[in-house]
Engineer: 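Below you'll find the structure I mean.
Each ligand, and each atom within it, is numbered from 1 in the order the structure gives. Basis for what follows: all heavy atoms, side chains included, without hydrogens, waters or symmetry-related copies.
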Amino acid sequence: MKVPYGYLSRQFSNPTPILDQIKELVSEGDFTLGKKLEKFENEFSNFIGSKYAIGVGSGTDALFLSLKALGIGDGKGYKKDEVITTANTFVATVGSIETAGARTRFVDCNEKYVMDVNKVEEAITEKTKAIMPVHYSGQPVEMDKLLKIANKYNLYIIEDACCAIDAEVDGKRCGTIGITGAFSLHPQKNLNVWSDGGVIVTNDSKMKEKLHLLRNHGMKDRDHYAFYAYNSRLDPLQAIVGSHLLPDVKWITNKRIEIAQKIDKGLEDLKEYIQIPNRPLNERRVYHMYMLLVQDRDKLYNYLLKNGVDAKIHYPIPLHLQEASKHLNYQEGDFPTAEYQAKNIISLPAHQHLTDEEVDYTIEMVRKFYL
Ligand SMILES: *Cc1c(COP(=O)(O)O)cnc(C)c1O
């Protein structure tokens, strides 16, 4: 049996309804901004529960433009602004901070693979401007504690919710807790369009106005430019795909949660070899990735591949040890939990298009490797 990690061919086996709407767009010629984008933005903010949603070019741009809108990265030299985030995340989190002109301060993660909020306070300096928690793999960060710290030190929170659409913590929607929340519509995310795309959500009308200018050359109208800015608008064609798929997100996340629970249960007696993270009931994890800490990770990984289970490793080298982070002067041993996870973590296929047989087979292959 082959258990694929990807699912695009299954998801888009019948693209006709989407293509029909794209034909309509072609007849209208509304190829930048326009009604289709506005429609999608309204639907997205309704779904997330934010006042505003701003469609941009990618999840990376959603983070970058959020920083720019707050003036973070404007400090130069010894006054360089600092942003706190975690060492185990997708490269784009740190890329957005560094390209905005700020300096990244890492903190370690916890056993749920996300920011250890108890480590944040000691990383704050007089140059810290913001905290960028990552709801990594769809696992919410403990936002209540983080909000208290942010309020105490007067810091912004920009949520990297790029892989956490429909996630919640203490009844609050991920992405709506900070000043802005960034979402990705990348083909591998739980709400996925046909190319790059991203959305920023906010409840702050000033931020919304600033972000509208930032994504569109600083244009107040055709002939008036408030300041020089960027071109990062969500493509209306992708907005059409997004509008078509948004009603599926609940089903997608519920199905992923169901599959994750099934795998948890199927492996829970292998405590000697597999560490399943704590799953508190006040957190709605959406399992953009289903990850486990396992013994003999590399051997298990190769065994699964050989037996048709398309496992992945996210990610073998944490960000503070990347060549790109050389100027930040971190070294091995600085973030022991993130480093341990990079060496021992594995992602199993757990997406919404798997059959029961494929999930059972995945569980069976992992069990067979250890027993
Ligand atoms: C996917 C992702 C991003 C970047 O999103 P893109 O749309 O690919 O630019 C940023 N942060 C995290 C945690 C992600 O998973």
Engineer: N/O to N/O below 3.5 Å, does that happen between His186 and ligand 1?
Structural biologist: no
Engineer: Quick one: is the NZ or CZ of Arg367 closer than 6.0 Å to the six-membered ring centre of Tyr273, and within 45° of its axis?
Structural biologist: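 No; the conditions do not both hold, so Arg367 does not lie above the ring face of Tyr273.
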Engineer: Identify the residue among Asp196, Leu234, Asn192 that makes a side-chain contact (heavy atoms from CB on, under 4.5 Å) with Leu185.
Structural biologist: Leu234
Engineer: Which atoms of ligand 1 sit under 4.0 Å from any heavy atom of Cys162?
Structural biologist: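 Atoms satisfying the 4.0 Å criterion: 2 (C), 3 (C), 10 (C), 11 (N), 12 (C), 14 (C).
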Engineer: Using a strict cut-off of 4.0 Å, indicate which atoms of ligand 1 neighbour a heavy atom of Val134.
Structural biologist: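 Numbered from 1, ligand 1 contributes 13 (C).
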Engineer: Mind listing the closest non-hydrogen atom pair of Ala123 and Arg105 along with its distance?
Structural biologist: O-CD, 3.4 Å
Engineer: Looking only at distances, please establish whether an N/O atom of ligand 1 is found under 3.5 Å from an N/O atom of Thr89.
Structural biologist: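 There is no such contact.
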Engineer: Any nitrogen or oxygen of Ser184 lying under 3.5 Å from a nitrogen or oxygen in ligand 1? Just yes or no.
Structural biologist: yes
Engineer: Below 4.5 Å, heavy atoms only, C-beta onward: do Ile240 and His244 meet side chain to side chain?
Structural biologist: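 No, their side chains stay 4.5 Å or more apart.
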Engineer: Measuring only between side-chain heavy atoms, which start at C-beta, is Tyr156 closer than 4.5 Å to Thr180?
Structural biologist: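 Tyr156 does not reach Thr180 side chain to side chain.
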Engineer: Determine, using heavy atoms of Lys189 and all atoms of ligand 1, whether some pair is separated by less than 4.0 Å.
Structural biologist: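 Under 4.0 Å: yes for Lys189.
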Engineer: Which of the atoms in ligand 1, numbered in the order shown and given with their element, are less than 4.0 Å from a heavy-atom of Thr93?
Structural biologist: 11 (N)
Engineer: Can a donor-acceptor pair be found between the side chains of His327 and Glu98 at a distance below 3.5 Å?
Structural biologist: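 Note: His327 and Glu98 side chains meet the donor-acceptor criterion.
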Engineer: Residue-level breakdown please: for Thr60 versus ligand 1, do any non-hydrogen atoms fall below 4.0 Å on the side chain, on the backbone, on both, or on neither?
Structural biologist: both
Engineer: Using a 4.0 Å cutoff against the non-hydrogen atoms of Gly59, which atoms of ligand 1 qualify?
Structural biologist: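 Every atom of ligand 1 under 4.0 Å from some heavy atom of Gly59: 5 (O), 6 (P), 7 (O), 9 (O).
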Engineer: Is it true that the NZ or CZ of Lys220 lies under 6.0 Å from the centre of Phe227's six-membered ring and within 45 degrees of the ring axis?
Structural biologist: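 That pair does not qualify as a cation-pi contact.
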Engineer: Please list the nearest protein heavy atom to atom 11 (N) of ligand 1 with its residue and the distance rounded to 0.1 Å.
Structural biologist: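 Going by distance alone, atom 11 (N) of ligand 1 is nearest to Asp160 OD2, 2.8 Å.
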